[in-house]
Structure formats: C-alpha cells, structure tokens
Amino acid sequence: MKKISRRSFLKTTLAAAGAVGASGLALPASVQGADPKELATLIDIRKCVGCEACVDACKEVNASKFPEPEKPFPKMYPSRVRAADWSEKRDVQDRLTPYTWLFIQSATVTINGEEQTLTIPRRCMHCQNPPCADLCPWGAARKLENGITRIDADICMGGNKCKVVCPWKIPERQTGVGLYLDLLPSLAGNGVMFKCDRCYNRIEKGEPPACIEECPEDVQTIGPRDEIVKRAYAVAKEIGGYVYGETENGGTNTLYVSPVPFETLNKAIEKGPGRPHFKAVEDSMAHADNLAKAMIIAPVAGAVAAVGRFYKAAKSVSETDGKGE
Amino acid sequence: MQEDFFPERLIKRFYLFILFLMSITGFGQMPIFKRYYIADIPGLAWLANFYFTHYVHYIGAILLFAIFGYCIVGYLLVGRQRFRLTGSAYIRIVLLTAIAGTGIFRVLKNLPDIVFSPGFTMFVDISHLIFMMIFLLVTAVFLVMKTGWLTLRQ
Ligand code: SF4
Ligand code: SF4
Ligand code: SF4
C-alpha cells in the first residue's frame, strides 16, 4: 500500500476543510450535503504503545476550554438533582471527564497464541449523524460540515441529554459553569457537557488535532472520510484485522482498525461510566430518517382523503349555487 | 345539513389529541420530566425516554400534516361556501405554519446528509419551542374567548 506522507496529507486536506469551514457559515447556503467534505480519523490500534502523549497534548491545547466552576454551586431543586464536579479531580486520566476528553483503554487479548496488551485511544466518535446533536433541544450540540460534532459551552445547559442518547455515553458534565447560572440555576440546567471537539479551532487554521500531531507512533491519520475508510480496509486486509466505525451508529468519523475482532476487544476492556464499549451499534437516528419520508406523503394523503369525502358534496353545492337558490 | 360535514367533530377531537401529544412529547425533548418526577408516575416512564418521545413526536407530525391536508382541501372544496375563517383562525394558521416550518427544518437537520450552520441550527431549535409556547398561550386565550376557526358567512 502506498504510504501517504502524514504531513502533506494533512496540509492539503486540512487547508481544504479550513476553507470550507470559513465559507460554510452563510444561510441557507449552509445546507450542504455533509459527506464530501467530512474529515475522519483512523486509529490503528496495533501501533499504539500507550504512552499517553496524546492525552497530555489534548489536555494542554484544550486547557483554555476546560471549565472553571464557581463555587459553591447554586442549590438545585428538586434534591435528586446531583452536581457533577470534576474540578478537584482534573488529573483523573483513566476515563473520560470534563477535563479528560481522551483516555487510553487497555485490553489483554491473545493474538496468534500470544498474550498481548493492546492500548486504545478513546474519545468521541464524531458520528456522521450524531444523536447528541440531532436531539439537543437548544442547538448547543451541533455537527459541523467538516464532520466534527461540537458542544458549544456557551449555550449548553448541562441537561445530560446528549450523554443519554449517545450510544457510547461520551459527553461528561461539569456543574457550576455555563448559561444556566444566568437563567434559573436552581430549577433548570446543571452545568455544561464536555467532550472532544476534534480540535475544531486548530482544524480551522489548517492544523491537525493535537493528539494526532503529538503521537510518536503515528497511530492516527486524518483525511477525507472516503479515503480514511479505504485506508482502514487496506490496513485491515494487510494485517487480517477488523474495522470499527464505518457503519456503527450509521457511520462515524472515527474509524478503528484492530488485529482482533471488536467483540473480543469489547470483552477485554474495562467498561462503565466514562469508559465506552466497542459493541456493534445500530443507527440511532434510523427511525427519524424513515418517518421523515412518511412526513412528505402525509399532507397529500390527507388532501386525497378530503377530495374523496367532499367531492360529491362540493359538486352538489356548486350545482345548487348555480341554480341560484 | 352542511354543518354535518364541515367542520367534522371527529377530526377536531383527533386534532386536539394530537396537539396535546405533540406538546408533551415536545416538552419531553427537554430533560425535565425525569428531574421533576413526572416520569416516576406509574405509566409515564416513557416520557423520559428521549428516543421514544422523539418517535411519537414524528408520528404526531405525520398525522398532523395529514389533518392539515384534509382540512385545507375540505375547506376549499366545501367549507368556504358556508363558512369563513375567523380572525383567530388566521392567527392560528400563522403560528401553526411557523411551528410546522421550523419543525420541518428540525427534521431536515436530523437527516444524515444535511448540515446547517451552528447559528441556523440554534435559531430553528429555539424558535420551534418559542412558537409552540406562543401558540399554547394564544389557544388558551381563544378558548376563554370561545372563538373557533370558522364562522357562518352572512
Ligand atoms: S500518543 Fe500515540 S502511541 Fe501514545 S498513547 Fe496516544 S495514540 Fe497511543
Ligand atoms: S459519539 Fe456520542 S458524543 Fe460523539 S458525536 Fe456520537 S453521539 Fe455525539
Ligand atoms: S482531537 Fe483534539 S480535542 Fe479531540 S482528543 Fe484529540 S486533542 Fe483532544
């Protein structure tokens, strides 16, 4: 397989994506087919040595985006509403938190009869049709044309809905920050949800995400999704491996290649809060896509039913009118 | 006997039921039913299931669009011979159009191949809710005033 130089690959694709990002803000020209310009990343699990340079890089470049909560938190009602506070535990690095948008999961598996521990960078998958963004009531979580799903910390109310609907339960809440403080802090909202934003501000400038740039093993590659999918299958073919993310949740902009089946990986990793699984995931928004089609037919069906019901009556009315009753 | 076929009582009841369903499943898109114990009431746990309420909201929209199609055509064919729209009907039509319009954009947003700009996404999401709240308020006022959609032509 022809090896694409990471630098040149990045420069051209990111420059293109940056230009799109800047010009894509106008309305309604912003209504675009998402696919052609979407950037995806490929994570080659085989190559990762678990050094956590990516985790540190993420924390460093995104430090200014991290929450600085005001304390004490406003009291919230009813009492079942719990504050989520990670501000004293910023160093927790073995799971996702509002201050750790990327962590390394490990899985001890047997490859060719030999026991091996694989290390796997985990973060938001950047779904192609993200339920977190589709179902956000405020438009705080949204998908960008370049395939990034981002939660705007200035608008998010911290209601946790994005996490509930996310198949991997990625976003993490921090109480005591955000818009809800200026509205009705005791009655609505509970902070802001945080997750990987795929370094959207760096991509806008044509720079690669920090975790990709700092990885000494070139574990991740970023590029147009179709090329990344091809590349994922090329690697999988080369190593007799498996691909995750091409179809999960209807397709994600993060693809993984693994030397062992993802079922095996899923069994071997530690799962739970802040630690996403590797299960097969059906398209969460498929129901909406199907019903959307029915929505086009509905008014026509109603109109046809009305014609059937009233046509005769309409005729007789116009006839009597014609007689000048 | 024309009052019998327009307006139709059954359609009206159905319309009111769908509106009610749309309101609760719409409000259910905000994470409030669980917080405020409403989903704890036996039989109402589904209100806290975002995917389910979303699904029902879509089905409600389909039925509502069918009712709109039925009533518009029915009115044009027959109803307008004897009845005319009241002032409050025009206000309702404007608001329903705004709700349906922003709703359609929300549906489009949820399709896999369509991406709106962040500002437009927010506008659509929030205005859909605001139009609905105005509509509910206005409907309550009309209910008290007892003004319906149609009135007999003189
Ligand atoms: S920097 Fe690269 S090798 Fe190190 S943990 Fe992250 S992905 Fe793995
Ligand atoms: S993985 Fe979860 S948080 Fe990330 S885009 Fe998909 S639904 Fe949203
Ligand atoms: S893309 Fe950026 S925000 Fe996301 S994990 Fe990597 S460094 Fe962190």
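Chain identifiers are assigned alphabetically (A, B, ...) following the order of the sequence lines, protein sequences preceding nucleic acid strands; residue numbering begins at 1 within each chain.
Within the 4.5 angstrom heavy-atom criterion, no atom of A:Cys127 approaches chain B. For chain B, no part of A:Ala301 is nearby; none of its heavy atoms comes within less than 4.5 Å. Neither the backbone nor the side chain of B:Ile104 has a heavy atom closer than 4.5 Å to any heavy atom of chain A. When heavy atoms are compared at a cutoff of 4.5 Å, A:Met295 approaches chain B by way of both its backbone and its side chain. With a 4.5 angstrom heavy-atom cutoff, A:Ile155 touches chain B only via side-chain atoms. For B:Phe68, no part sits under 4.5 Å from any heavy atom of chain A, backbone or side chain. Using a 4.5 Å cut-off between heavy atoms, B:Leu111 contacts chain A through both its backbone and its side chain. Using a 4.5 Å cut-off between heavy atoms, A:Ile297 makes no contact with chain B at all.
Scanning all heavy atoms of the two residues, the minimum distance from B:Pro112 to A:Lys143 falls at O-NZ, 4.5 Å. The two residues B:Leu77 and A:Val307 make their nearest non-hydrogen contact at CD1-CA, 3.9 Å.
To the nearest 0.5 Å, atom CG of residue A:Asp134 and atom CZ of residue B:Phe50 are 14.5 Å apart. Rounded to the nearest 0.5 Å, atoms CG (A:Leu144) and CZ (B:Phe116) are 14.5 Å apart. Of the inter-residue distances, the one linking B:His54 atom NE2 with A:His287 atom NE2 reads 5.0 Å to the nearest 0.5 angstrom.
The closest side-chain heavy-atom distance from A:Pro137 to B:Leu129 is not below 4.5 Å.
Ranked by heavy-atom pairs under 4.5 Å with chain A, the first of B:Met122, B:Arg35, B:Lys109, B:Gln29 is B:Arg35. Interface check for chain A: of the options B:Asn110, B:Asp125, B:Thr121, B:Val73, the most heavy-atom pairs under 4.5 Å are formed by B:Asn110.
Other residues, nucleotides and ligands contribute over 12 non-hydrogen atoms within 6.0 Å of the CZ atom of B:Phe142. Around NZ of A:Lys65, the count of heavy atoms belonging to other residues, nucleotides or ligands within 6.0 Å exceeds 12. Heavy atoms from other residues, nucleotides or ligands lying under 6.0 Å from CD1 of B:Ile41 number more than 12.
Between B:Tyr70 and A:Phe310, the distance from one ring center to the other falls under 6.0 angstrom.
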(request) Check the pair B:Met30 / A:Trp138 against side-chain contact (heavy atoms from CB on, under 4.5 Å), numbers first and verdict last. (result) CA-CA 9 Å; B:Met30 294 183 280; A:Trp138 321 114; 3.3 Å; yes

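By a heavy-atom distance cut of under 4.5 Å, A:Gly159, A:Lys161, A:Val164, A:Val165 are the residues of residues 159-177 of chain A near chain B, going up by number.
Qualifying side-chain hydrogen bond (donor to acceptor under 3.5 Å, both in side chains) partners for A:Asn129, counting only residues two or more places apart in sequence or in other chains: none.
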